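Quick notes on the structure that follows.
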Amino acid sequence: MIKELPKVYEPSESEDRIYKFWLDNGLFNAEPSPDKKPYSIVIPPPNVTGQLHMGHAFDDTLQDVLIRTKRMQGYSTLWMPGTDHAGIATQIKVEAELRKEGLTRYDLGREEFLKRVWAWKEKFGSRIITQLYKLGASCDWRRLRFTMDEGLSKAVRETFVSLYEKGLIYKGNRIINWCPHCETALSDAEVEYSEQAGKLWYIKYQIEGSDDFLEIATTRPETMMGDTGIAVNPNDERYRHLIGKKAILPLMNRPIPIFADDYVEMDFGTGCVKVTPCHDPNDFDMGKRHDLEFILVIDGNGKINKNGGKYCGLDRLEARKQVIEDLDKLGLLTKTEDYSHNVGTCYRCGTNVEPMTSSQWFVKMEPLAKEDLAAVRRGDIKFIPERFTKTYTNWMENVHDWCISRQLWWGHRIPAWYCKDCGHITVSREDPDKCEKCGSANIKQDEDVLDTWFSSALWPFSTMGWPEKTRELEYYYPTNVLVTGYDIIFFWVARMICFGLEQMKERPFKEVFLHGIVRDSQGRKMSKSLGNGIDPIEVIEKYGADALRFTLITGNSPGNDTRFYYERVEANRNFCNKIWNASRFVMMNLTVEDFTLPEKLSLEDKWILTLYNRLVREVTENIEKYELGVAADKLYSFIWDKYCDWYIELCKTRLLDGNDKEGSECAQRVLGHVLCGTLKLLHPFMPFITENIWQALPHKGVSIMVSEWEKPDERYEFPSAVAEMEQIMEAVRVVRNRRSEMNVPPSKRAALTIVTKSPELFAGAEPFLKRLASASSVTVADKTPENADSMVSCATDAAHIFMPLSELVDLEKEKERIKGEIAKSEKFAASIEAKLSNENFVSRAPEAVVSAEREKLEKTKALIEKLRHSLEIL
RNA sequence: GGAGACAUAGCUCAGCCGGUUAGAGCGUUCGCCUCACACGCGAGAGGUCGUGGGUUCGAUCCCCGCUGUCUCCACCA
């Protein structure tokens with residue numbers, strides 16, 4: 001037993017050692033076991049070459065709390081770890097490295113480039129994992145998966161092929177979002193809209209065969225070379241006569257049809273819309289409806305192509321300038337207005353996204369979404385907090401087909417081969433060597449890879465070995481809960497539900513526990529560009545993982561953002577220190593070998609045990625309901641305000657008096673029992689310090705993390721002891737209060753005379769009053785002492801306490817003070833009386849509420865009576 | 001345009017789906033080196049719970065309107 005512990009807890013000295021101890025003993029390992037119930041969580045896979053940021057720390061702490069709790073509750077728990085290849089993000093990083101050498105990926109070629117990326121992955125792939133060690137994450141690391149592992153790649157391929165066979169994946173030439181910087185298509189979810197200052201240009205078009213003009217307004221003149229029509233509202237009187245005629249497209253001098261479409265708003269701009277089917281989603285639809293020509297004028301690199309006439313080769317922004325200038329010269333530019341509008345940007349690089357038609361692969365969402373909505377409506381999948389159900393259903397109800405092909409090299413290559421002879425596309429589970437239709441060997445694989453989120457969508461089952469039928473899948477699937485931020489509901493959560501239901505015919509998780517974003521102390525998002533990110537590893541090194549974890553868990557509620565303050569980390573570091581010292585105190589006084597509770601318990605033992613029982617019940621319940629912050633708060637206040645501030649102090653009487661062996665041992669057992677139990681309840685939140693202390697205390701088993709979760713024990717419920725103890729505590733408080741008001745130092749002790757109807761109780765409390773209320777002696781009396789007029793008094797509802805310190809007090813001021821207290825209590829009593837005299841209240845409120853009010857009134861009256869008496873004496 | 005969240009002490013937030021003399025951390029005031037802890041102990045000050053209605057015996061909590069802040073979705077060229 002360690003008795004010489006340092007006064008200040010130093011987390012850095014033990015955390016790594018403890019983590020290694022857990023690893024060495026295989027305590028994180030998950031095995032399907034028939035005699036246990038399964039509990040599983042898959043980690044939201046971080047980018048393989050990324051670093052741990054506060055968002056991960058938050059997300060993973062929440063998961064670790066749940067996993068550790070369930071493990072202690074006897075479940076066979078699997079926390080499945082892994083990393084994501086993060087297509088665009090990783091490729092961008094490696095390309096940036098290449099650029100330093102003056103190279104592009106095209107210089108290297110596909111194969112060489114991929115070698116580079118793999119090397120990059122080897123170099124940085126383990127960094128984030130070891131950072132998770134620091135946090136205390138209890139994942140089964142033997143099972144670490146990567147989205148581009150062989151097995152997971154097989155899952156991706158199987159899914160692609162089977163969806164293709166069902167007609168749920170198709171290739172089509174449709175309008176998509178294109179990032180000219182990343183040079184790839186993006187899905188709708190990958191586009192972030194931002195308000196940008198722009199201009200609205202008004203341009204004159206001549207009507208064919210006439211001297212008349214019509215005017216259009218546009219924010220994007222650079223696309224006009226691709227215009228193939230002009231639309232007006234069918235009800236617009238101004239333009240009705242032009243419908244069916246043609247206008248001459250300026251600069252290109254090409255006649256384009258004028259037609260009517262409901263889409264056009266009459267009161268915006270001029271009421272005439274230039275239609276560019278290849279570069280605007282709405283125009284694309286109109287183009288289809290009215291059978292317009294489709295002319296692509298912007299290339300993948302954001303430059304105008306050969307269809308753009310003289311502007312060919314110009315960057316889109318340069319082209320815009322030129323077009324405006326030319327129109328102005330021709331006298332066709334009539335007006336320029338400032339106009340602020342939402343522009344789509346790439347979520348990875350921030351570049352303005354270019355809508356354009358392109359031949360891409362899509363997942364047909366409509367038939368899938370039906371099931372996805374039904375599962376949530378049935379309650380098979382529950383969102384916490386519930387309001388996110390609506391976010392999800394709104395999105396699912398309006399979901400568009402998902403563009404899944406990316407013009408990147410890093411990722412899962414699309415398993416489709418094009419026949420150069422017959423044009424047939426062969427999509428296959430095994431690499432084909434000939435066209436499945438015409439047998440030609442002249443086939444070539446699609447150059448593109450799949451959206452990163454395609455493989456992420458399979459994560460809950462691909463990590464467990466699917467498409468093989470594995471023990472893990474059988475036992476741990478579906479997972480119990482998915483823990484993630486509300487910001488990736490669409491990217492990930494919705495798609496996992498989609499593919500889980502489609503491929504497994506079973507939901508991927510039963511519950512989705514959503515949290516918010518960790519912001520800086522000013523409420524700003526932490527970001528690289530602002531430089532306001534806080535590195536969790538630095539926080540851990542300085543304050544310990546437990547303090548960081550506690551900071552992330554407390555002070556917020558599910559689904560809400562939270563701000564990060566060093567002051568809070570410090571407060572929680574102090575809490576660790578408090579636990580450390582309380583434990584140190586217990587150990588310093590230890591002579592018994594175990595913490596079996598004795599038959600005969602003291603009042604204060606009954607009090608703390610009752611409160612402890614309540615704590616066990618509530619903390620367990622709170623965790624069950626994902627109210628982790630509430631649970632943590634309760635542990636904090638129990639340990640600090642109840643166990644340390646009162647119980648330890650009360651125990652000192654028995655522990656330090658020397659002659660009371662039985663009492664001392666009883667106190668030790670209760671102290672130890674409650675401490676051990678509280679450490680267990682705290683362990684999911686603060687795994688390191690609890691293990692550290694638990695190891696130093698008498699214990700059974702290898703580790704606190706596999707010890708049995710506490711259960712409430714009805715044998716230790718003592719409500720009347722709690723009430724009695726409260727009376728004593730209240731007496732201590734009022735005496736302290738009086739002394740403090742008079743500025744009496746603790747060293748100046750005073751003889752107390754207590755007038756009470758519970759003489760035994762207060763006589764028994766003598767040691768407590770001596771220790772905690774600076775009493776030199778305690779006399780219990782049944783009536784006011786003779787010399788009360790020369791004493792200072794204070795009162796609770798149960799006790800009238802006198803102490804001879806009157807020389808320290810101004811009599812008149814004392815009278816005023818008492819009068820004030822009486823007034824306050826009388827006001828309170830009056831409010832209760834008002835309630836109780838209300839017929840409706842007495843008859844309609846629950847009996848328990850009414851009797852509680854009656855009791856309150858009685859106590860208040862008892863207090864007032866004593867205060868009045870004090871006043872009389874003076 | 002649609003949806004949602006938030007508005008509680010100087011600051012940041014809790015308040016566990018109606019009954020509390022409304023809580024915490026930090027900050028602040030006063031007194032303490034009290035034999036676990038000054039990363040501490042004791043005692044205080046500080047809140048018309050945004051606003052106007054409604055439901056109820058009773059509303060910080062439920063419903064409706066308003067004001068303010070924020071977020072997401074859609075996206076009018």
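This structure is a prediction, so every number in the text was calculated from the model and none was measured. Residue numbering restarts at 1 for every chain, and letters A, B, ... go by the order of the sequence lines. The figures that follow rest on heavy atoms only: side chains count, while hydrogens, waters and symmetry mates do not.
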Side chain to side chain donor-acceptor pair (under 3.5 Å) between Glu190(A) and Ser187(A), intermediate numbers included: CA-CA 5 Å; Glu190(A) 289 169 313; Ser187(A) 66; 3.2 Å; yes
Whether Asp280(A) side chain and Thr276(A) backbone form a donor-acceptor pair below 3.5 Å: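 Judged by distance alone, no pair lies under 3.5 Å.
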Phe688(A) backbone acceptor or donor facing Asp546(A) side chain under 3.5 Å: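 Present.
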Can you find a donor-acceptor N/O pair under 3.5 angstrom joining the side chain of [X] to the base of [N]?
X         : N      : answer
Arg568(A) : C26(B) : no
Asn342(A) : C75(B) : yes
Glu649(A) : A36(B) : yes
Lys578(A) : C37(B) : yes

To the side chain of [X], which of [options] is closest?
X         : options                : answer
Arg563(A) : C37(B), G19(B), U12(B) : U12(B)
Tyr263(A) : C37(B), A77(B), G19(B) : A77(B)
Ala571(A) : C39(B), U21(B), G25(B) : G25(B)
Glu627(A) : G40(B), C16(B), A77(B) : C16(B)
Lys634(A) : C16(B), A74(B), C39(B) : C16(B)
Asn574(A) : G40(B), U20(B), U21(B) : G40(B)
Pro846(A) : C11(B), G19(B), G44(B) : G19(B)
Trp640(A) : C41(B), C11(B), C75(B) : C41(B)
Arg573(A) : U20(B), C26(B), C39(B) : C39(B)
Glu265(A) : A74(B), A77(B), U21(B) : A77(B)

Please give the distance between the [atom1] atoms of [N] and [M] as a whole number of Å.
N      : M      : atom1 : result
G18(B) : C62(B) : P     : 8 Å
U8(B)  : U20(B) : C1'   : 15 Å
G54(B) : C61(B) : C1'   : 15 Å
C41(B) : C35(B) : P     : 13 Å
G4(B)  : A38(B) : C1'   : 47 Å
G19(B) : U56(B) : C1'   : 12 Å
U34(B) : U29(B) : P     : 22 Å
C63(B) : C17(B) : C1'   : 14 Å

Contact class for [X] vs. all strands (heavy atom < 4.0 Å): base, sugar-phosphate, or nothing?
X         : result
Phe490(A) : sugar-phosphate
Asp645(A) : sugar-phosphate
Ser831(A) : nothing
Trp201(A) : nothing
Pro281(A) : nothing
Phe388(A) : nothing
Val586(A) : nothing
Cys644(A) : base
Lys525(A) : nothing
Phe268(A) : base
Lys827(A) : nothing

Carboxylate-amine/guanidinium contact Glu222(A) Arg316(A), below 4.0 Å: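 Looking at Glu222(A) and Arg316(A), the cut-off is not met.
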Neighbour count above 12 (heavy atom, 6.0 Å) for Lys382(A) NZ: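 Atom NZ in Lys382(A) is not packed in, count stays at 12 or less.
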Please state whether the rings of [X] and [Y] are parallel, tilted or perpendicular, taking 30° and 60° as the class boundaries.
X         : Y         : result
Tyr347(A) : Phe491(A) : parallel
Tyr9(A)   : Trp580(A) : tilted
Phe550(A) : Phe575(A) : tilted

Which pair of non-hydrogen atoms, one from [X] and one from [Y], has the smallest distance, and what is that distance?
X         : Y         : value
Thr860(A) : Ser825(A) : CG2-O, 3.4 Å
Glu195(A) : Ser340(A) : OE2-OG, 2.7 Å
Ile534(A) : Phe564(A) : CD1-CD2, 3.4 Å

No-hydrogen, no-angle side-chain donor-acceptor test under 3.5 Å, Ser851(A) and Glu847(A):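 No.
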Modelled atom types, side-chain donor and acceptor of Thr551(A) and Asn572(A), under 3.5 Å: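 Distance-only check passes for Thr551(A) and Asn572(A).
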Whole angstrom value for the distance that separates P of G18(B) from CD of Glu853(A):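 About 17 Å, once rounded to whole Å.
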Pair pattern of RNA chain B in dot-bracket, where unpaired bases get dots and | marks partners in another strand, Watson-Crick or G-U under 3.5 angstrom: (((((((..((((.....[...)))).(((((.......))))).....(((((..]....))))))))))))....
Protein and nucleotides 1-8 of chain B: nitrogen or oxygen contacts under 3.5 angstrom:
unit_1 : atom_1 : unit_2    : atom_2 : d
A3(B)  : O3'    : Lys390(A) : NZ     : 3.4
G4(B)  : OP1    : Lys390(A) : NZ     : 2.9

Test: Lys578(A) cationic atom under 6.0 Å from Tyr643(A) six-membered ring centre, within 45° of axis: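 Checked: cation-pi criterion not met.
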Minimum side-chain heavy-atom gap Tyr647(A)-Val670(A) below 4.5 Å: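 A side-chain contact exists here, since the closest heavy-atom pair is under 4.5 Å.
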Presence of Ser557(A) side-chain N/O under 4.0 Å of A14(B) phosphate oxygens OP1/OP2: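 Yes, within the criterion.
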Of Pro558(A) and Arg749(A), the one whose closest RNA chain B nucleotide lies more 5':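 Nearest nucleotide further toward 5': that of Pro558(A).
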Nearest-nucleotide comparison on RNA chain B, the residue closer to the 5′ end among Thr554(A) and Asn838(A):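 Nearer the 5' end of the strand: Thr554(A).
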Pick out the pairs of N or O atoms, protein on one side and nucleotides 30-32 of chain B on the other, that lie under 3.5 Å.
none

